[in-house]
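Heads up: the structure comes next, in structure tokens.
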Amino acid sequence: MSETVPWRCPVCRAPLAPVGRTLACSSRHSFDLAKEGYCNLLLASRTRSKHPGDDKAMLRARSGFLSAGHYRPMADAVVDLLSPHLSNDASLLDCGCGDGYYADVVQRSLQPTIRGIDIAREAVRMASRRFKQVPTASFAVASTYDMPVPDAAFDAALQVFAPVSDAEVRRALRPEGVYCAVFPGEAHLMALKEAMYERTRGHKEPKHPEGFALVRERRLTFDMALESSEDIANLLAMTPLNWRGSREGKARLRAMDSLVVGADFVLRLYRPVD
Ligand SMILES: C[S@@+](CC[C@H](N)C(=O)[O-])C[C@H]1O[C@@H](n2cnc3c(N)ncnc32)[C@H](O)[C@@H]1O
Ligand SMILES: [Zn+2]
């Protein structure tokens, strides 16, 4: 693990440092490093579920869909928003990092040190595997509502479609840092909902996080031509429609082998304010 931005002990908040195959603090709280290099810093006492966050099927579906490049224009737009604010040795915290797809795109273009947090162990495992060859990247199983990171440590924070605590993001950022947040726009995946005859209510306008001032906002819309039943099944399985939608609607979608779906994203860049 890179020396810059150590993880923090979830019990006593002291910095964690590598000791053999563990990360340990000065009070000897110690956390095993998995073979993929990540650490589980989620205390069992702080979670009700045994497997919190997205499940394996959802993670695999999202990973398959992202790796097919369907959301790549959004990932590139994240890079564009961040790039004026990240110098070469900058650090980025990905909150709710999933399989690390966006951190990967940002890392390849802007080379920041990466720390990524997700509450789903499988997500963190996938992200760690992806970054195996990148010694400056490190991932932990943890909640974005109680992040095991130091105060004022990061030049940038990223959140793509993940639940976060505004106060925690603000705490983790340097005063001059930036926070890039991506939300679904009103018409996001409307064609998917229509194909399921869902009541087509659009996404609500996302609220601005407390303690931040908006620097830039960008609306990004584009059509995605899904040309295999696998792509369609992956998109369905990675959205809440998968458990909300009707059985007939899902069957109808699964029978399709092509579908054009509009993506609609709201990308925002914020700065912390007092
Ligand atoms: C919609 S996915 C987005 C993942 C990733 N940012 C992406 O776009 O590919 C939301 C992610 O947030 C994670 N998550 C949900 N609640 C969380 C929490 N309290 N703390 C950390 N991660 C959480 C889920 O496990 C899931 O990986
Ligand atoms: Zn400790």
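Predicted model only: the values in this text are computed from it and were never measured. In this chain, numbering begins with 1 at the start of the sequence shown. All ligand and atom numbering here is 1-based and tracks the order in the structure.
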Distance alone, cut at 3.5 Å: any donor-acceptor contact between the side chains of H85 and D155? no
Taking NZ, NE, NH1 and NH2 as the nitrogens, is one of them in D274 or R170 under 4.0 Å from a carboxylate oxygen of the other? yes
Will you find, in the side chains of D231 and S229, an N or O donor that is under 3.5 Å from an N or O acceptor? no
Centroid separation under 6.0 Å, is that true for the rings of Y179 and F212? yes
If the Zn ion (ligand 2) is the vertex, what is the angle to ND1 of H29 and SG of C12, rounded to 10 degrees? 110°
Is there a polar contact between ligand 1 and V160, counting only N or O atoms under 3.5 Å apart? yes
Residues R8 and D151 bridged, charged N to O under 4.0 Å: yes
of all protein heavy atoms, closest to atom 18 (C) of ligand 1 is T144 OG1, 3.5 Å
Should E186 and K193 count as an ion pair when the cut-off is N to O under 4.0 Å? no
Should the pair D264-R219 be classified as a salt bridge under the 4.0 Å nitrogen-to-oxygen rule? yes
In terms of atom number and element, which parts of ligand 1 are under 4.0 angstrom from non-hydrogen atoms of G53? 25 (O)
My understanding is that we take every heavy atom of each candidate and find the minimum distance to atom 25 (O) of ligand 1. Doing that for D94, D118, T239, which one comes out nearest? D118
Where is the nearest protein heavy atom to atom 19 (N) of ligand 1: which residue, which atom, and how far? S143 OG, 3.3 Å
May I ask whether F161 places a heavy atom under 4.0 Å from ligand 1? yes
Atom 5 (C) of ligand 1 - nearest protein heavy atom and its distance: G96 O, 3.4 Å
Taking N or O atoms only and a 3.5 Å limit, does P163 qualify as a polar contact for ligand 1? no
I want to know whether H188 and F161 have ring centres closer than 6.0 Å. yes
Quick test: of every protein heavy atom, which one is nearest to atom 21 (C) of ligand 1, and how far off is it to 0.1 Å? I119 N, 3.3 Å
Atoms of ligand 1 under 4.0 Å from any heavy atom of L66, numbered from 1 in the order shown, are 9 (O)
For atom 8 (O) of ligand 1, closest protein heavy-atom neighbour: Y102 CE1, 3.1 Å
Does the distance from a Lys or Arg side-chain N to an Asp or Glu carboxylate O, for R62 and D54, drop under 4.0 Å? yes
I'd like to check which ligand 1 atoms, numbered from 1 as shown, lie under 4.0 Å from a non-hydrogen atom of Y145. 19 (N)
Would you indicate which of R62, M58, E168 comes nearest to atom 2 (S) of ligand 1 when only heavy atoms are counted? R62
Once you round to the nearest 0.5 Å, how far does CG of L59 lie from CE of M126? 5.5 Å
For atom 26 (C) of ligand 1, closest protein heavy-atom neighbour: D54 OD2, 3.3 Å
Among the heavy atoms of A142, does any lie under 4.0 Å from an atom of ligand 1? yes
Which one holds for D99 and ligand 1: side chain close, backbone close, both close, or neither close, with close meaning a heavy atom under 4.0 Å? neither
Decide if the gap between the ring center of F65 and the ring center of Y71 is smaller than 6.0 angstrom. yes
